[in-house]
Amino acid sequence: MELMDAYGSPLYVYSRTDIENNWREFDQAFGAHPHLVCYAVKANSNIAVLNVLAKLGSGFDIVSIGELERVLKAGGEASKCVFSGVAKTVIEIERALEVGVRCFNVESESELDRINTVAKSIGKKAPISIRVNPNVDAKTHPYISTGLKENKFGVDIGEAIDLYKKANNADYLEVQGLDCHIGSQITDVSPFLDALDKVLALVWQLNDEGISIHHLDLGGGVGIDYDGEQTINIKAYIDAIINKVGQTEIILEPGRAIVGNAGIFVTKVEFLKQNSEHSFAIVDGAMNDLLRPSFYNAYHQVLPVNENATGTKAQWDLVGPICETGDFLAKNRDLSLSEGDYLALMSAGAYGFSMSSNYNSRPRVAEVMVSGENHQLVRKRESVQDLFAKERLYEG
Ligand code: LLP
C-alpha cells in the first residue's frame, strides 16, 4: 500500500534480493567449472536491473544495439556480452566490435558473411559461435518454442559443419563456440539434455575437422512456477551439463528464471461490472502494460494487496480499459473485490514491462525496485506529453 501511495498505479515492483539470489543460484551451481551466466536482457531491460546483475559480475545476452547500450550504461562489461538475434544490422555489428563483445551468435550464412565484411572494414576479428537448431521439441507454447526445424532460428544442425568450415577459413572471423537455444518457459530438463547431446556430437565432428570449440552456449529457457507447476531444479540441470561436457566452458542465457518471480504488476480495481453471465473487474492496468495473458493466454496468479479486503465474492475476469476483447489480465479468479482495491499479478518481472507499449495512448507505467525496507523509483511513469513528444505536425 505504501508503494501505491508513493508511486501510484499501475506499477511494476521488483525485488533486488530475489534478482540477486536467482542469478547466484545459476552461478554457484557451476562451482569451479568454467562458465558465464549471461542474463537475457530482453526479459527485463531496466538499467537498475542490469546494474544489480552487473555488480554481481553477470554477463549479458543481447539482441540489439539498444540492449547493448543499456548494458554499457548500467555498468555491464562488453567482454561479457553475447550478441544473439537473427538479423544483426551493419551498425549493430560495428558497435559490438568497437566495444568488444564476447561473441556473436550467428544465425545464418548471410549473417556470417555480413559479420566478416564488417569486421574486415574496421580491421578487427569477430569472435563467433554458430547457433544451431537441434530440432528438439521444447514442449512449450508454440510462440516461444525455437528449437524445431519449422522455426526461423539458427542453422540446421546438419548444415552447421559446412558453415563452421567457412567461418574457420574467413580472415576476419574467429570461431569461439557453439550456441543453441530451444525455447522458453521449459519446465522439464530432458529437452535441454537432448539438445546438448546433439550439440556435443557436432563438437566431436568439428574436432575431427580441426575446428575447436572453446565454449558451449546453451541459451536460456529455464521455466518458472506461474501456477504451481513443477519446474527445473537448476543445480541438477547444471550438474547434468557439467557431467557431459568435460572442461568446456558453459554459457547460459537465462532471462525469465532470473527476473520472472522477482517482480509483480500491481493494478487498481476501477469498476466492478456484473451481468448474468460474467463478473468483470475493470482494472487500470491493461494488455499494453502486461501483454502475456492476451498474447500467450499466459496465467499470472492474482493476489489482493490488502489481504483483509472484504468485497463482493465472485469468479472475476480482470479486464483492462483497452478497446479490445482480448484485453484481459486474468480470467475466472475467485476473489472478494471492492472498487478501489489493489491487486498484484504475480511473476510479472519477466516479459512484463519489456513487452509493454503505448497502445490506446496509454503512458507506460512506473517501475520500482525494493531492497529490504527501501524502495526506489527506477523508471518514472510516462506523462501524457511524453506520448507525442517525438511527433510533429505535417507542415504545409
Ligand atoms: N536466449 C535467446 C537467444 C532467447 O531468444 C531468449 C528468449 C533467451 C535467451 C531467454 O529465454 P528465457 O530464459 O527468458 O526463457 N515473451 C515470451 C518469452 C520470449 C522468449 C524469447 N527468447 C514470454 O513472455 O513468455
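When a ligand or atom number is given, it counts from 1 through the structure's own listing order.
With sequence neighbours left out, His33 forms a ring-ring contact (aromatic ring centres under 6.0 Å, His included) with no residue at all.
Near Pro254, the atoms of ligand 1 lying under 4.0 angstrom from a non-hydrogen atom of the residue are 13 (O). For ligand 1 and Asp61, the ligand atoms under 4.0 Å from any heavy atom of the residue are 1 (N), 2 (C), 9 (C). Those atoms of ligand 1 that come under 4.0 Å of a heavy atom in Gly255, given as number and element, are 12 (P), 13 (O), 14 (O). Proximity to Ala40 (heavy-atom distance under 4.0 Å) selects the following atoms of ligand 1: 8 (C), 9 (C), 10 (C). Of all atoms in ligand 1, numbered sequentially from 1 with element shown, those under 4.0 Å from a heavy atom of Arg256 are 12 (P), 13 (O), 14 (O), 18 (C), 23 (C), 25 (O).
Between Phe192 and Ile186, the closest side-chain pair of non-hydrogen atoms falls below 4.5 Å.
For Gly221, a nitrogen or oxygen atom sits less than 3.5 Å from a nitrogen or oxygen atom of ligand 1, counting backbone and side chain alike. For ligand 1, none of its N or O atoms has an N or O atom of Arg131 under 3.5 Å away. Residue contacts with ligand 1: Ala257 is placed with no nitrogen or oxygen under 3.5 Å of a nitrogen or oxygen of the ligand (distance criterion only). In terms of N/O distances under 3.5 Å, ligand 1 is not approached by Ser84.
The backbone and the side chain of Glu253 each have at least one atom closer than 4.0 Å to an atom of ligand 1 (non-hydrogen atoms only). By the criterion of a heavy-atom distance under 4.0 Å, the side chain of Tyr296, and not its backbone, is placed next to ligand 1.
With distances taken over non-hydrogen atoms, the option nearest atom 20 (C) of ligand 1 out of Tyr351, Tyr39, Phe153, Phe295 is Tyr351.
Classification of Asp239 and Lys235 as a salt-bridged pair holds, one side-chain N sitting under 4.0 Å from a carboxylate O. Between Lys88 and Glu111 there is a salt bridge, since at least one side-chain N of the basic residue sits less than 4.0 Å from a carboxylate O of the acidic one.
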query: Please walk me through it: do Tyr226 and His300 pass ring pair (Phe, Tyr, Trp, His ring centres under 6.0 Å)?
result: CA-CA 6 Å; Tyr226 284 103; His300 288 266; 5.3 Å; yes

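For the salt bridge (charged side-chain N to carboxylate O under 4.0 Å, His left out) with Asp289, the qualifying choice from Arg381, Arg364, Arg362 is Arg362, the only one to do so.
For the pair Lys166 and Tyr164, the cation does not sit on the ring face, since its NZ or CZ is not both under 6.0 Å from the ring centre and inside 45° of the axis.
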For residues 339-351, please give each side-chain donor-acceptor pair under 3.5 Å, one per line with the distance, not counting sequence neighbours.
residue : atom : partner : partner atom : Å
Glu339  : OE2  : Leu272  : N            : 2.9
Asp341  : OD2  : Ser338  : N            : 2.9
Ser347  : OG   : Asn261  : OD1          : 2.6

